[in-house]
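First comes the structure, then the notes that go with it.
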There are 2 protein chains.
Amino acid sequence: MTMLEGVTTRPGGRRPGATRTRVDILAAAQRSFAEHGYVLTTIRGVARAAGVDPALVLQFFGSKDGLFDAALRDDPPVRALVTLAGEGDPSDLGPRLAARYLELWEDPHTGPRMLAVVRAATAAPSASAMVTAFMTDEVMLPLARAIGADQAELRAALTGAYLFGVASARYVLGVAPLAALDREAAVTYVAPVVQHHLTGDLTPP
Amino acid sequence: MTMLEGVTTRPGGRRPGATRTRVDILAAAQRSFAEHGYVLTTIRGVARAAGVDPALVLQFFGSKDGLFDAALRDDPPVRALVTLAGEGDPSDLGPRLAARYLELWEDPHTGPRMLAVVRAATAAPSASAMVTAFMTDEVMLPLARAIGADQAELRAALTGAYLFGVASARYVLGVAPLAALDREAAVTYVAPVVQHHLTGDLTPP
DNA sequence: CAAGCATAGTCATCGATGTTGAATTTCTCG
DNA sequence: CGAGAAATTCAACATCGATGACTATGCTTG
């Protein structure tokens, strides 16, 4: 309205043209959560990295937990574990699952995201839900069902809990005897227990 | 100095008489950590419960993490798991350890403290150290050594990781198929795997 | 093509948190 | 008794997540 204002950009208001800000925020959030974890990731930091006002992040995602959820919920490589059931005999699903699972943890793309989810599992409700979903509906249960296991829910949860424990010790806590193993050796130790949970007698004499 | 001030207590300064404030703070911290977890426990809240200024808490314990460490580091019932090794045959240590471990989690005194430690394991360095110590030097390794197991470090870490996974799923995340089991049934499923890790062939054909 | 609503965006602000530094009082020990 | 150590409070800082008001653009419908 007035002619006094020079070229100084007017603050508020939508930017003209197409907008990919939401995607930028998500990308920045993924990086930050993967690199610094949930607690050390700050909405302000994500906003800064995306070149955006912090309030916009919350406008889009509702809360810090919502941002985490949007950034890390769907992890295709992890979900793809389910396909292992159809690629071989149930009798050696243990070794194949153990190997692929540990590979995912050590993959430079997927590993940091799994780390972020597990580390946040006790701080962010959405992360807790993701881990639970992994042990049940999303990965382990379909896997157990695909090989026609009895007590599929129980076998799925037990297998998931075991894998979670191993990964926590080896990759999150860095417990020396497990962290020092090379992956091949780790698979050797982990595979039989996975196999037992999936197809073995759950209550031997 | 002046006579104007009435009965109003002078703020700063040490209180006369014996002092048990430190113990009060520790007790309040234990309660709060056990009931609300690490993140939701606030130094100000602990100070309020102990009737003390927040700064005093930090004067005593250095940081929130230091407070957590002082409040929850030594848990005699958990450490007492080690004695199981001497109370029976190594060939049924699996069932005994599994049973006692799950009992501890469901004990109204010890359970909430273990919950606090595990929930904080990814947020508080001291909690992470406690869990690691459980899997190694403090509990599982002495146990493995006491029964003369080969590869004691590895067996200890694997057993600890497994127990950690089961407890996380059943008590922290509340994964339905595991959380719904009564304790007896849970022991039935968990015990064989514990036994395998402690005395079984770690790399069967 | 104009009106109107949804979307994108900023700003100022709130209450809470962990932590620090200075100040004050009491205890303890030579 | 006097000095240093210990206990205690207060005030303040820098951040953090979250909210509400406000503004500017885009999209849809008449």
Side-chain angles (χ1 to χ4, degrees), chain A residues 1-2 5 7-29 32-33 36-71 120 123-127, chain B residues 1-2 5 7-29 32-33 36-71 120 123-127:
Chain A
M1 297 301 181
T2 84
E5 60 203 37
V7 229
T8 61
T9 337
R10 274 283 160 263
R14 184 176 188 155
R15 302 290 172 267
T19 166
R20 48 155 214 167
T21 323
R22 193 191 158 101
V23 182
D24 291 345
I25 295 177
L26 268 182
S32 181
F33 282 130
H36 307 110
Y38 184 81
V39 187
L40 266 42
T41 288
T42 146
I43 290 188
R44 288 165 150 93
V46 170
R48 204 175 315 123
V52 138
D53 189 276
L56 187 57
V57 178
L58 291 170
Q59 160 106 359
F60 278 145
F61 303 102
S63 66
K64 187 179 179 180
D65 187 66
L67 177 63
F68 187 89
D69 192 55
S126 68
Chain B
M1 298 299 185
T2 84
E5 60 203 37
V7 230
T8 61
T9 337
R10 276 287 158 256
R14 185 175 186 156
R15 300 293 172 261
T19 166
R20 46 155 215 168
T21 324
R22 193 192 158 100
V23 181
D24 290 346
I25 294 178
L26 227 41
S32 180
F33 282 130
H36 307 111
Y38 184 81
V39 188
L40 266 44
T41 288
T42 147
I43 289 189
R44 287 166 150 94
V46 169
R48 204 176 313 122
V52 135
D53 188 274
L56 187 57
V57 177
L58 290 169
Q59 163 92 1
F60 278 146
F61 302 103
S63 68
K64 186 179 180 181
D65 187 65
L67 177 64
F68 186 89
D69 191 56
S126 67

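First the proteins, then the strands, lettered A, B, ... as listed; each starts at 1. Basis for what follows: all heavy atoms, side chains included, without hydrogens, waters or symmetry-related copies.
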Donor-acceptor contacts, no H, no angles, side chain residues 20-29 of chain B, under 3.5 Å, sequence neighbours left out:
from: B:R20; atom 1: NE; to: B:D24; atom 2: OD2; distance (Å): 3.4
from: B:T21; atom 1: OG1; to: B:T19; atom 2: OG1; distance (Å): 3.2

**Complete:** Smallest heavy-atom separation, B:K64 atom then B:V39 atom, equals NZ-O, 3.5 Å
**Message:** Tell me whether the side-chain N/O atoms of B:T19 come closer than 4.0 Å to OP1 or OP2 in D:dA7.
**Reply:** no
**Prompt:** Just how far, in rounded Å, is C1' of D:dA14 from CD1 of A:I43?
**Reply:** 17 Å
**Prompt:** Want to settle it: does B:L40 or B:Q59 sit nearer the 5' end of DNA chain C, counting the closest nucleotide to each?
**Reply:** B:L40
**Prompt:** How long is the line joining NZ of A:K64 and P of D:dT15, in whole Å?
**Reply:** 15 Å
**Item:** Side-chain touch A:D65/A:Y38, heavy atoms, less than 4.5 angstrom
**Value:** yes
**Asked** Can you tell me how far P of C:dT20 sits from CZ of B:F60, to the nearest Å?
**Response** 16 Å
**Item:** Rounded distance (Å) that lies between atom C1' of C:dC11 and atom CZ of A:R44
**Value:** 12 Å
**Request:** Would you indicate, yes or no, if D:dA7 has its OP1 or OP2 atom less than 4.0 angstrom from a side-chain nitrogen or oxygen of B:T21?
**Result:** no
**Asked** Rounded to the nearest Å, what distance is computed from the CZ atom of residue A:F61 to the P atom of nucleotide C:dA8?
**Response** 10 Å
**Message:** When you measure from the side-chain N and O atoms of A:T42 to the phosphate of D:dT15, is any distance below 4.0 Å, counting only OP1 and OP2?
**Reply:** no
**Item:** Whole-Å distance separating the CG atom of B:D53 from the P atom of D:dA11
**Value:** 10 Å
**Asked** Under the 3.5 angstrom rule, does the side chain of A:S32 hit a backbone N or O of A:T41 as a donor-acceptor pair?
**Response** no
**Fill in**
When rounded to whole Å, the CG to P distance for the pair A:D24 and C:dA8 reads 13 Å
**Message:** For a quick test of reading the model: is some side-chain N or O of A:S63 closer than 4.0 Å to OP1 or OP2 of D:dG17?
**Reply:** no
**Request:** Measure the distance from CZ on B:R20 to P on D:dT8 and round it to the nearest whole Å.
**Result:** 11 Å
